[in-house]
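Since the structure is predicted, the reported quantities are computational estimates derived from the model, not experimental observations.
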Amino acid sequence: MAMRQEPNDFNIHLARLAVILAGTVLAVTSCGGDDDGSAATTQSPATSAATGGTDAGTVINVDEKDFTIELSTMELTPGTYTFVTTNSGQTTHALEIEGQGLEEETEDLAPGDTAELTVTLEAGEYELYCPVGNHKDMGMKLDITVE
C-alpha cells in the first residue's frame, strides 16, 4: 500500500519554478531573430518598468542562496527583462541591479519568497548583488555584460 504524501512548500515552489522555466524555454525558442544579425544603433538610457507593466520582456530566473547569485542565462542583449528572483537561502535577501544609469532593487525576500523586477537594459556592464547587510561582500554579486 503506497502512502500518499502531502505537498509541502518546497514541492510547490519547485513546481512553480518548473512552470516558469518551461515558459521561458518556450518563449526563447519561439522568438524569431533578425536574419541579417544587425543590431539597432540607437542607444537610450537604461530604464526600469513597473512590475505590473504590459511589456515584461524576457524572463530571467535568479536564484539567491547563502551566499551566491545564479542566473538562468548570462547571454543578454539590449531589451526589457523581468528578473524573477527566488530566495533559496536561509536568510533574508534582495536583488539590486546597477549600471548604465540604472539602479533598481526588489523588496527584501524572506527564505522561500519570490519577487519580480522588470528593467530595460542597454548595452554595457551591470552589477547584480544582494543589498542586504554585507551579503555583497560575502560573494552575493554578479557582473553581467549586455551585448
Side-chain angles (χ1 to χ4, degrees), residues 1-33 39-40 43-147:
M1 176 177 189
M3 286 186 61
R4 182 180 162 167
Q5 185 177 10
E6 293 296 320
N8 61 31
D9 287 345
F10 177 77
N11 289 338
I12 292 169
H13 179 67
L14 189 58
R16 286 181 183 157
L17 284 176
V19 169
I20 291 170
L21 181 58
T24 301
V25 169
L26 287 174
V28 169
T29 59
S30 65
C31 290
Q43 295 281 329
S44 61
T47 59
S48 66
T51 302
T54 58
D55 183 16
T58 304
V59 173
I60 304 292
N61 294 308
V62 182
D63 186 26
E64 290 190 306
K65 299 178 184 169
D66 306 328
F67 289 90
T68 61
I69 297 176
E70 295 177 7
L71 300 182
S72 58
T73 184
M74 293 288 288
E75 296 179 22
L76 305 173
T77 58
T80 301
Y81 293 89
T82 296
F83 290 85
V84 179
T85 305
T86 301
N87 181 355
S88 299
Q90 300 299 311
T91 62
T92 299
H93 295 300
L95 180 70
E96 184 159 337
I97 301 172
E98 194 173 324
Q100 304 304 311
L102 175 72
E103 186 171 358
E104 296 289 331
E105 68 181 85
T106 66
E107 69 275 6
D108 287 353
L109 302 172
D113 283 354
T114 299
E116 294 182 4
L117 182 62
T118 301
V119 295
T120 300
L121 304 177
E122 68 177 28
E125 302 291 321
Y126 294 85
E127 183 177 40
L128 280 69
Y129 61 93
C130 178
V132 175
N134 65 342
H135 294 187
K136 180 179 176 181
D137 294 334
M138 294 176 71
M140 290 191 75
K141 61 183 173 182
L142 189 61
D143 293 323
I144 61 170
T145 301
V146 176
E147 304 183 291

Handout entry: Any Gln100 side-chain heavy atom under 4.5 Å of Leu121 side chain
Key =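 No, their side chains stay 4.5 Å or more apart.
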Exercise for the section: Determine whether Phe83 and Thr106 make a side-chain contact, defined as any pair of heavy atoms from C-beta on separated by less than 4.5 Å. Expected result: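 They are not in side-chain contact.
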Could you give the distance from [atom1] ([X]) to [atom2] ([Y]), rounded to the nearest 0.5 Å?
X	Y	atom1	atom2	result
Glu147	Thr145	CD	OG1	6.0 Å
Leu142	Leu71	CG	CG	5.0 Å
Glu125	Glu98	CD	CD	13.5 Å
Leu117	Ile60	CG	CD1	12.0 Å
Ile144	Ile97	CD1	CD1	6.5 Å
Thr85	Leu95	OG1	CG	4.0 Å

Problem - Partner set under salt bridge (Lys or Arg N to Asp or Glu O under 4.0 Å) for Asp63, not counting sequence neighbours - result: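 Asp63 satisfies salt bridge (Lys or Arg N to Asp or Glu O under 4.0 Å) with Lys65 only.
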Practice task
Examine the side chains of Asp108 and Thr92 and answer whether a donor and an acceptor come within less than 3.5 Å of each other.
Solution key: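 Judged by distance alone, the side chains do not pair up.
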Practice task
Would you kindly say whether Asp113 and His93 are connected by a side-chain donor-acceptor distance under 3.5 Å?
Solution key: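 Looking only at side-chain atoms, His93 and Asp113 do not form any donor-acceptor pair under 3.5 Å.
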Using every non-hydrogen atom in the two residues, find where [X] and [Y] come nearest and quote the distance to one decimal.
X	Y	answer
Glu64	Ala94	OE2-O, 2.6 Å
Ala123	Pro78	N-CG, 3.8 Å
Met140	Ile69	O-CD1, 3.5 Å

Problem - Polar side-chain atom of Thr86 near backbone of Ser88 as donor-acceptor pair, under 3.5 Å - result: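 No, Thr86 side chain to Ser88 backbone: no donor-acceptor pair under 3.5 Å.
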Practice task
Keeping the roles fixed (side chain from Asn61, backbone from Ser72), state whether a donor-acceptor pair exists under 3.5 Å.
Solution key: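 Not confirmed, Asn61 side chain does not pair with Ser72 backbone.
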Problem - Residue from Thr80, Val84, Val59 passing side chain to side chain contact (heavy atoms under 4.5 Å, CB included) with Thr118 - result: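 Among Thr80, Val84, Val59, the one meeting side chain to side chain contact (heavy atoms under 4.5 Å, CB included) with Thr118 is Thr80.
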Exercise for the section: Show the numbers, then the answer: is there a salt bridge (charged side-chain N to carboxylate O under 4.0 Å, His left out) between Lys136 and Glu127? Expected result: CA-CA 11 Å; Lys136 180 179 176 181; Glu127 183 177 40; 3.2 Å; yes
